[in-house]
Amino acid sequence: MPSSRPTALLLVLLFLGLTALCGCEQKGPITQLSQLEKGLFAVPTGTVADQLVLSRMPGARFVYFNSVLDAALAVKTGKADAVAYDEPILRNIAAKTGGLALLEQPITIDQYGFAVSQDNLALKQAIDAELAALRADGRYDDLLRRWLPATGSPAPMPDIALPRGQGSLRLGTAAVTEPFSFVGEAGAIVGFDIELARRVALRLGKDLEIVNLEFGALIPALLAGKVDLIGACITITDERSRKVLFSEPYYRGGISALVRQP
């Protein structure tokens with residue numbers, strides 16, 4: 001009876017050749033942004049994350065989801081290579097979710113700030129003064145550690161007692177930008193921006209009234225005088241600066257990539 005070894009060897013070589021031709025080899029872990037030059041990015045619908053990715057990586061492809069959490073789940077289950085979205089929001093997701101990691105190299109770099117109406121220089125100066133004081137005595141670093149821990153969820157909102165009967169500072173926010181502004185476990189709106197706004201209100205001797213809006217309605221509400229300031233992970237841009245007056249930046253972020261953990 002003739003040996004079957006030559007036939008078996010031929011079949012193995014044929015299989016390997018077909019695998020190479022059809023590109024079916026398994027992808028290795030993504031550890032560098034350069035590996036995503038032609039990657040498939042998951043992005044939330046209605047954002048400009050895709051356009052910002054394309055400005056850096058013209059060969060990128062996209063799949064769209066209703067929320068950034070849905071996009072992160074798609075990456076975790078292998079349906080996309082990376083999520084593209086605001087760095088602190090992705091950092092928060094990675095800290096709370098196993099199996100995901102934030103690439104160190106950003107796609108774009110932006111600064112976040114509060115915005116007030118252009119005729120309200122006094123409020124801008126109060127925000128800037130509070131930021132300077134927080135940075136000078138180390139409380140700003142505490143604030144960062146509280147809302148952006150390396151692992152786990154943000155810490156509870158600190159108790160900042162505000163005066164009553166002296167008027168209110170009206171903050172417009174979009175409570176879908178954890179860890180900057182979101183609905184906490186007790187049902188109250190909390191976050192980095194909320195704590196900072198409360199500290200500004202305390203400096204001014206006022207209470208804080210929070211007005212929760214859609215993100216796209218924040219600047220129109222400010223221009224219409226419905227709120228005194230707005231904050232919700234808002235990127236400082238030249239276009240926006242023609243309409244509103246921004247505080248000094250309080251966070252350096254931008255668009256980053258969240259991938260499966262190597």
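It should be emphasised that the depicted structure is a prediction, and the values quoted were computed from it without experimental measurement.
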Quiz item: Distance from I160 atom CD1 to L196 atom CG, nearest 0.5 Å?
Solution: 9.0 Å
Quiz item: Does the pair Q35 and T31 meet the rule for a side-chain hydrogen bond (donor to acceptor under 3.5 Å, both in side chains), with working shown?
Solution: CA-CA 8 Å; Q35 295 174 259; T31 58; 3.3 Å; yes
Quiz item: Do R146 and P158 touch side chain to side chain, with heavy atoms closer than 4.5 Å?
Solution: yes
Practice problem: State, to 0.1 Å, how close I93 and L100 come at their nearest heavy-atom pair, and which atoms those are. | Solution: CG2-CD1, 4.3 Å
Quiz item: Are any of the side-chain heavy atoms of L103 and S256 separated by less than 4.5 Å?
Solution: no
Quiz item: Quick one: do Y64 and Y85 end up in the same hydrophobic cluster if we chain Ile, Leu, Val, Met, Phe, Trp and Tyr together by side-chain heavy atoms under 4.5 Å apart?
Solution: no
Quiz item: Would you call P154 and P179 a side-chain contact if the rule is heavy atoms closer than 4.5 Å?
Solution: yes
Practice problem: Evaluate the side-chain proximity of V200 to L131: yes if any heavy-atom separation is below 4.5 Å, no if none is. | Solution: no
Exercise. Determine the minimum heavy-atom distance between A80 and V63, stating which atoms define it.
Key: CB-CG1, 4.2 Å
Quiz item: Rounded to the nearest 0.5 Å, how far does OG1 of T173 lie from CG of N212?
Solution: 6.5 Å
Quiz item: Using 4.0 Å as the upper bound for N to carboxylate O, is an ion pair formed by R170 and E209?
Solution: no
Self-check item: Under-4.0 Å salt bridge between R139 and D142
Solution: no
Exercise. Determine, step by step, whether D86 and L90 satisfy the side-chain contact (heavy atoms from CB on, under 4.5 Å) criterion, reporting the C-alpha distance in whole Å, the side-chain angles of both residues, the deciding distance to 0.1 Å, and the verdict.
Key: CA-CA 6 Å; D86 288 283; L90 295 183; over 6 Å; no
Self-check item: Centroid separation F246 to F114 less than 6.0 Å
Solution: no
Quiz prompt | Closest non-hydrogen atom pair, G152 against P149 | solution = O-CG, 3.6 Å
Practice problem: Kindly indicate, with the supporting measurements, whether the criterion side-chain hydrogen bond (donor to acceptor under 3.5 Å, both in side chains) is fulfilled by D193 and Y112. | Solution: CA-CA 10 Å; D193 285 348; Y112 303 144; over 6 Å; no
Quiz item: Once you round to the nearest 0.5 Å, how far does CZ of R56 lie from CG of L33?
Solution: 5.0 Å
Exercise. Kindly check if the number of other-residue, nucleotide or ligand heavy atoms within 6.0 Å of CZ (R252) is above 12?
Key: no
Practice problem: Look at atom CG of N66 and say whether more than 12 heavy atoms of other residues, nucleotides or ligands are closer to it than 6.0 Å. | Solution: no
Quiz item: Linking I/L/V/M/F/W/Y whenever any side-chain heavy atoms sit under 4.5 Å apart, do L52 and L258 land together?
Solution: no
Self-check item: Nearest-0.5 Å distance, NZ of residue K38 to CZ of residue R61
Solution: 10.0 Å
Self-check item: L134 reachable from V190 in the ILVMFWY side-chain graph, under 4.5 Å edges
Solution: yes
Quiz prompt | Main-chain N/O of L40 paired to D81 side chain as donor or acceptor, under 3.5 Å | solution = yes
Self-check item: Check against side-chain contact (heavy atoms from CB on, under 4.5 Å), K96 and S153
Solution: CA-CA 6 Å; K96 298 193 303 180; S153 299; 3.2 Å; yes
Quiz item: Is the backbone N or O of G254 less than 3.5 Å from a side-chain atom of T108, with the two atoms forming a donor-acceptor pair by type?
Solution: no
Practice problem: Please answer whether the main-chain N or O of A94 pairs with a side-chain N or O of T97 as donor and acceptor at a distance below 3.5 Å. | Solution: no
Practice problem: Could you walk me through whether L222 and D228 pass the side-chain contact (heavy atoms from CB on, under 4.5 Å) test, one step at a time? | Solution: CA-CA 6 Å; L222 180 63; D228 300 308; 5.9 Å; no
Quiz item: Between E248 and R135, is there a side-chain N and carboxylate O pair less than 4.0 Å apart?
Solution: no
Quiz prompt | Student check: side-chain heavy atoms of V116 and I127 closer than 4.5 Å | solution = yes
Quiz item: I194 and F182: side-chain contact (heavy atoms from CB on, under 4.5 Å), yes or no, with the steps?
Solution: CA-CA 9 Å; I194 309 305; F182 62 102; over 6 Å; no
Practice problem: Check whether L169 and L121 end up in the same hydrophobic cluster, where Ile, Leu, Val, Met, Phe, Trp and Tyr are linked by side-chain heavy atoms less than 4.5 Å apart. | Solution: yes
Self-check item: Hphob cluster co-occupancy, L171 + M157, side-chain heavy atoms under 4.5 angstrom
Solution: yes
Exercise. Take E130 and R203 through the test salt bridge (Lys or Arg N to Asp or Glu O under 4.0 Å) and record every step on the way to the result.
Key: CA-CA 7 Å; E130 184 60 27; R203 171 177 286 270; 2.8 Å; yes
Quiz item: Would you say the ring centroid of Y250 lies under 6.0 angstrom from that of Y140?
Solution: no
Quiz item: Are the side chain of E87 and the backbone N or O of L102 linked by a donor-acceptor pair below 3.5 Å?
Solution: no
Self-check item: Under 3.5 Å donor-acceptor, N120 side chain and L123 backbone
Solution: yes
Quiz item: So, for A42 and V75, which heavy atoms are closest and what is the spacing to 0.1 Å?
Solution: CB-CG2, 4.4 Å
Practice problem: Would you name the heavy atoms of D50 and F62 that are closest together and state the gap between them? | Solution: O-CZ, 3.4 Å
Practice problem: Measure the spacing between OG of S181 and CZ of F192 and express it to the nearest 0.5 Å. | Solution: 12.5 Å
Exercise. Look at atom CD of Q105 and say whether more than 12 heavy atoms of other residues, nucleotides or ligands are closer to it than 6.0 Å.
Key: yes
Exercise. Provide the closest heavy-atom pair for A84 versus I107 in the form atom of the first, atom of the second, distance.
Key: CB-CD1, 4.4 Å
Quiz item: Is the closest basic N to carboxylate O distance between D128 and K124 below 4.0 Å?
Solution: yes
Quiz item: Any side-chain heavy atom of L208 within less than 4.5 Å of one from S168?
Solution: no
Exercise. Check whether any side-chain heavy atom of Y251 lies under 4.5 Å from a side-chain heavy atom of L148, and answer yes or no.
Key: yes
Quiz item: Can you tell me how far CG of D207 sits from CG of L162, rounded to the nearest 0.5 angstrom?
Solution: 5.5 Å
Exercise. Measure from the side-chain N and O atoms of T237 to the backbone N and O of R240, and report whether any donor-acceptor pair falls under 3.5 Å.
Key: yes
